Structure formats: C-alpha cells, structure tokens
There are 2 protein chains.
Amino acid sequence: MHYQLDTLEHDNLGSTVYQLLCNDLLQGRLQPGARLKIRELAEQLGTSVTPVRDAILRLVQEQALAMQSPRDIRVPYMTVERYLEIRAIRIRLEGLAAETAATKAQPADIARLEDIVARNAVAMTAQDIAQGCALNQQFHFALVDIAGLPFLHGILYRIWLQMGPLIAAVYQQGGSAMLDYHYPVMAAMRQGDGAAAALAIGDDILSGGQAILLHLQARQSAG
Amino acid sequence: MHYQLDTLEHDNLGSTVYQLLCNDLLQGRLQPGARLKIRELAEQLGTSVTPVRDAILRLVQEQALAMQSPRDIRVPYMTVERYLEIRAIRIRLEGLAAETAATKAQPADIARLEDIVARNAVAMTAQDIAQGCALNQQFHFALVDIAGLPFLHGILYRIWLQMGPLIAAVYQQGGSAMLDYHYPVMAAMRQGDGAAAALAIGDDILSGGQAILLHLQARQSAG
DNA sequence: AATCAAATTATGATGCATCATATTTGCTGC
DNA sequence: GCAGCAAATATGATGCATCATAATTTGATT
C-alpha cells in the first residue's frame with residue numbers, strides 16, 4: 001500500500017525508510033511516546049545514518065514525529081484540541097472525497113468497496129483488530145482514489161499518519177464498531193448520491209470516532 | 001512571516017534554508033521550470049550541502065519542488081487538473097477557517113484584518129503587484145490564525161507553497177482585482193456570520209482565481 | 001549517605017569524501 | 001560533415017568523521 005506513489009517515488013533509501021516508518025506508525029507498531037534514535041535505526045536497517053535522518057526529518061516536518069528537545073525524537077501524543085481540529089478538517093476533506101466518489105463511481109469501484117467492507121466484517125467477527133483498522137483505513141482511502149483526487153490523497157495520508165498511533169492505542173484497549181458507519185456510505189455510493197455520501201462519512205468520523213475522543217479526554221484529565 | 005513556527009522550530013540550518021526557499025517560492029522569485037542545484041545553493045548560502053539537501057528534500061516531499069529525473073530538481077508547472085483539485089480543497093478548508101474565525105473574532109482581530117485590506121488597497125492603487133500578492137496571502141492566513149487552527153495553517157501553507165510560483169507568474173502578466181472579494185468576507189466577519197464568511201471566501205477563491213484558471217488553460221492548450 | 005561537580009556517553013547537526021550515473025563534450029573514423 | 005563511441009563533467013545519493021551539547025554516570029567531599 002504505497003500511498004505516496006502518485007508522485008513518482010524515487011527509490012532512494014530515504015524514501016524506503018520513510019515508507020517503513022509510515023507503516024510502523026499507521027499499524028501501531030510505534031506507540032505514542034516511543035523514542036527513535038537515528039543511529040539505532042540505521043544499524044537495524046543496515047544503512048548509514050543519512051537515509052534514516054532523511055526519513056525522520058520528513059516525518060518530523062509533517063508532525064508525525066516530534067522533536068521535543070534537539071536530541072529527543074518521539075512519537076507525539078495527540079491532544080484533545082488537536083484531535084478536534086483534525087476531525088473538523090477530515091469531515092470537510094473526506095466529505096469532498098465521498099461526494100466526488102459517489103458521482104464518479106463505476107460498478108467496479110462499488111465492487112471494490114463492497115469487498116473491503118465484507119473483509120472488514122470478517123475481521124470484526126474474528127476479533128482481528130489490526131486487520132479491522134487496516135481495512136477501515138483502506139475504505140477511507142479507496143473513496144479518495146475513486147474520486148480521482150491524488151493531491152487530496154496526500155493531504156489525508158499525512159493526517160492519518162498522525163492518527164495512526166492513537167487509533168491503534170484506542171482499539172487495543174477494546175475495539176469498537178467502526179464498520180457500522182460504512183454501510184450508509186455504501187448505500188449513498190450505490191445511488192450515486194454525493195450529498196448523502198458526504199453526510200454519511202461525516203457521521204462515520206464523528207460517531208465512529210467517539211471512542212477515540214473519550215480515550216483522549218480520559219487520558220488528558222488523568223494527566 | 002514564519003508560518004511553520006507553530007511547531008517549535010528547531011533552528012538547524014536545514015530549517016533556515018527551507019524557510020528561505022519557501023519565501024522564494026511564495027514571492028515568485030523561483031518561477032515554474034526553474035532548476036535548483038544543491039551544490040550551487042550551498043555555495044551561495046555559505047553552508048555545506050547537507051542543510052540544503054535537507055531543505056530541498058522536504059520541499060520535494062510536499063511537492064513544492066519536483067524531482068523529474070533523479071538529478072533534476074525543478075519548480076513544477078501547475079496543471080489545470082491539479083489546480084481544480086486544489087481549488088476544491090481550498091474552498092472546503094478556507095471555508096472552515098473563515099466560518100470559525102467569524103464566530104471567534106475579537107475587535108482586535110477585525111482591526112487586524114481591516115488593516116491588511118486597507119494596505120492592500122494602497123498597494124493596488126500603487127500598482128505594487130508583489131505587495132498586493134503578499135497582503136492577499138496575509139489576509140487568508142490571518143483568518144486561519146483568528147480561527148485558532150494551527151494544524152490547518154500547516155496544511156494550507158503547504159498548499160499555498162504550490163500556488164506561489166503560479167500566482168506570481170499570473171499577476172506579473174497583468175494583475176487582477178483579487179482584493180474586491182475580500183470586502184464581503186469582512187462584512188460577514190463584522191457580523192459574526194460564519195456561514196456568510198465561508199461563502200464569501202469560497203467566492204473569492206472561485207471568482208478571484210478565475211484569472212489563474214484562464215492562464216493555465218491558455219498555457220496548456222498552447223503547449 | 002547525600003550532594004554537587006567533573007568526566008563520560010549519547011545523539012543530532014554539519015561538513016565532506018566518495019560513488020554511481022546522467023549529461024555533455026569531444027574525438028575518431030567513415 | 002556526421003554518426004557514434006569515449007572521456008570528462010555534473011550532480012544527487014550514501015556513508016562517515018567530527019562537533020556541540022544534553023543526559024548520565026561517577027566519584028570526591030562534606
């Protein structure tokens with residue numbers, strides 16, 4: 001799943017390391033608070049520090065990693081305030097994606113979405129949280145792709161990069177039914193109803209993300 | 001004007017060079033098609049190649065620069081397709097900013113906006129295109145700041161980075177009245193009418209940007 | 001045993017040497 | 001005079017040595 005490949009990806013080592021770290025973030029292998037060390041990573045990956053530094057600097061720039069002090073690179077914690085801002089942005093942007101996708105979707109596109117939802121249902125009954133998270137994400141990005149908005153894809157990818165560690169942390173504490181809210185989206189997509197699709201995605205982000213907000217509020221008031 | 005400083009900016013040389021190149025892009029000193037060479041820049045700036053490489057890699061990642069072949073780093077040309085996508089995104093995001101700002105604006109905020117608009121009017125009568133562009137940009141970002149949305153600021157900054165060379169190129173061929181559409185925004189802001197502010201900003205982006213679209217379509221059909 | 005300071009270590013920043021390869025230049029032979 | 005190959009050059013990629021400084025450890029003193 002190479003989201004960034006719309007820009008023709010130069011296969012320099014830095015980009016490879018970047019993809020690696022992105023996947024670690026999105027799949028929750030890097031948890032909030034985890035520290036990264038350039039030399040350590042370079043040794044693990046068998047490269048010099050240069051490509052690792054390139055990758056980490058890229059992630060720091062887009063705030064998927066934070067450099068709290070000049071020597072301390074960590075996966076940042078999400079704050080309630082920041083989450084609410086991201087949520088408002090996602091509703092606008094993923095609303096745009098869903099609206100456009102609904103008016104453009106071909107039968108093959110609908111089938112692809114159905115497939116993702118079906119596999120997500122299987123994952124949920126199997127209690128496979130990791131797979132459920134991955135398929136949830138695939139659903140959201142499939143809408144952007146069907147809409148044919150590669151630039152928006154990049155923006156949303158960077159946003160999801162920041163939510164990755166958070167989502168993983170929340171769902172490991174007891175997942176919730178994020179899949180339910182995808183069915184109304186599918187209904188709107190089948191009817192080619194852009195406005196309804198946008199509303200349904202907004203409801204998914206708001207209601208489906210309620211568990212995340214509660215988790216953040218609990219952590220922030222606890223300290 | 002350091003837009004990225006919401007993230008506490010590490011004053012490493014790479015970030016300094018990055019800011020420098022950003023300003024060059026935003027103010028049209030780097031035109032579409034211009035080629036950048038790491039060694040050359042490093043020599044001009046009196047640093048080694050490392051910080052320059054850091055900065056350029058960051059800009060390539062966010063597609064403010066493009067690496068067409070592995071040895072060829074250039075300011076990319078905007079396409080009509082891409083511009084239309086960016087425009088749709090801007091209408092959603094800057095609409096969110098204007099809407100939020102209108103409901104939050106204090107008298108001092110309104111005064112700051114008035115000041116920007118007034119100075120922009122002066123620049124327009126003085127035919128000072130560069131200053132007009134700069135103040136236009138300041139107006140848009142002031143809305144985001146008043147709204148208190150630092151994360152959105154970062155997203156929009158990256159988007160504007162891609163439009164910088166284009167806007168400069170268009171307005172050097174004969175500027176247009178981008179200021180007119182700011183007055184309805186101000187009216188909505190004064191009344192605290194979020195919905196009206198969002199609509200007015202949308203109109204600014206659509207109508208005020210018409211010249212840009214025409215320029216792109218002319219260039220693309222000409223080849 | 002506690003405290004503070006000096007030494008050590010860890011780690012990102014920076015500069016730079018070298019490599020691989022794409023581009024340009026120029027020479028050779030037809 | 002031109003085609004084509006070879007040498008030279010240009011340039012980003014990579015690795016690595018060194019630096020500055022923050023964190024940690026150590027040890028001496030009280």
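Protein chains get the first letters and strands the later ones, always in sequence-line order, with residue 1 at the start of each. What you see is a predicted model; the values in this text were computed from it and never measured.
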Exercise. Taking the nucleotide of DNA chain C with the closest heavy atom to each, which residue, B/Arg39 or B/Gly14, is nearer the 5' end?
Worked result: B/Gly14

Problem set entry | Check: D/dT21 base within 3.5 Å donor-acceptor of A/Arg71 side chain | yes

Exercise. Is B/Ser48 near enough to C/dG15 that one of its side-chain N or O atoms lies under 4.0 angstrom from OP1 or OP2?
Worked result: yes

For this session: For A/Ile38 and D/dA22, give me the distance from atom CD1 to atom C1', rounded to whole Å.
Result: 15 Å

Exercise. When the nearest nucleotide of DNA chain D is assigned to A/Gly46 and to B/Glu40 on a heavy-atom basis, which residue is associated with the more 5' position?
Worked result: B/Glu40

For this session: Report yes if some heavy atom in the side chain of A/Gln63 is under 4.5 Å from a heavy atom in the side chain of A/Arg158; otherwise report no.
Result: no

Exercise. Do any N or O atoms from the side chain of B/Arg74 and from the backbone of B/Gly33 form a donor-acceptor pair under 3.5 angstrom?
Worked result: yes

For this session: Quick one: label A/Leu41 by what it contacts on the DNA or RNA (base, sugar-phosphate, nothing), any heavy atom closer than 4.0 Å.
Result: nothing

For this session: Report the distance from atom CD1 of A/Ile56 to atom P of C/dG12, rounded to the nearest whole Å.
Result: 7 Å

Exercise. B/Ile73 or A/Thr47: which one's nearest nucleotide on DNA chain D is closer to the 5' end?
Worked result: B/Ile73

For this session: Please report, rounded to the nearest Å, how far the C1' atom of C/dA10 is from the CD atom of A/Glu43.
Result: 14 Å

For this session: Grab the CG-P distance between B/Asp54 and D/dT14 for me, whole Å please.
Result: 14 Å

Exercise. Between C/dG15 atom P and B/Leu45 atom CG, what is the distance in whole Å?
Worked result: 11 Å

For this session: Specify the separation, in whole Å, of atom CZ of B/Arg58 and atom C1' of C/dA13.
Result: 14 Å

Exercise. Hey, do the aromatic rings of A/His153 and A/His140 have their centres closer than 6.0 Å?
Worked result: no

Exercise. Can A/Arg92 and B/Glu94 be said to form a salt bridge (Lys or Arg N to Asp or Glu O under 4.0 Å), step by step?
Worked result: CA-CA 10 Å; A/Arg92 310 291 165 129; B/Glu94 297 196 30; over 6 Å; no

Seminar exercise, completed: Out of D/dT11, C/dT11, D/dG15, minimum distance to the side chain of B/Lys37 belongs to D/dT11

For this session: Check the distance between C/dA22's P and B/Met67's CE and give it to me in whole angstrom.
Result: 13 Å

For this session: Could you go through the salt bridge (Lys or Arg N to Asp or Glu O under 4.0 Å) check for B/Arg119 and B/Asp115 one step at a time?
Result: CA-CA 6 Å; B/Arg119 283 192 291 146; B/Asp115 180 56; 3.3 Å; yes

For this session: Go through D/dA13, D/dA23, C/dC16 for me and flag the one nearest to the A/Ser69 side chain.
Result: D/dA23

Problem set entry | Whole-Å distance separating the CG atom of A/Asn12 from the C1' atom of D/dT11 | 14 Å

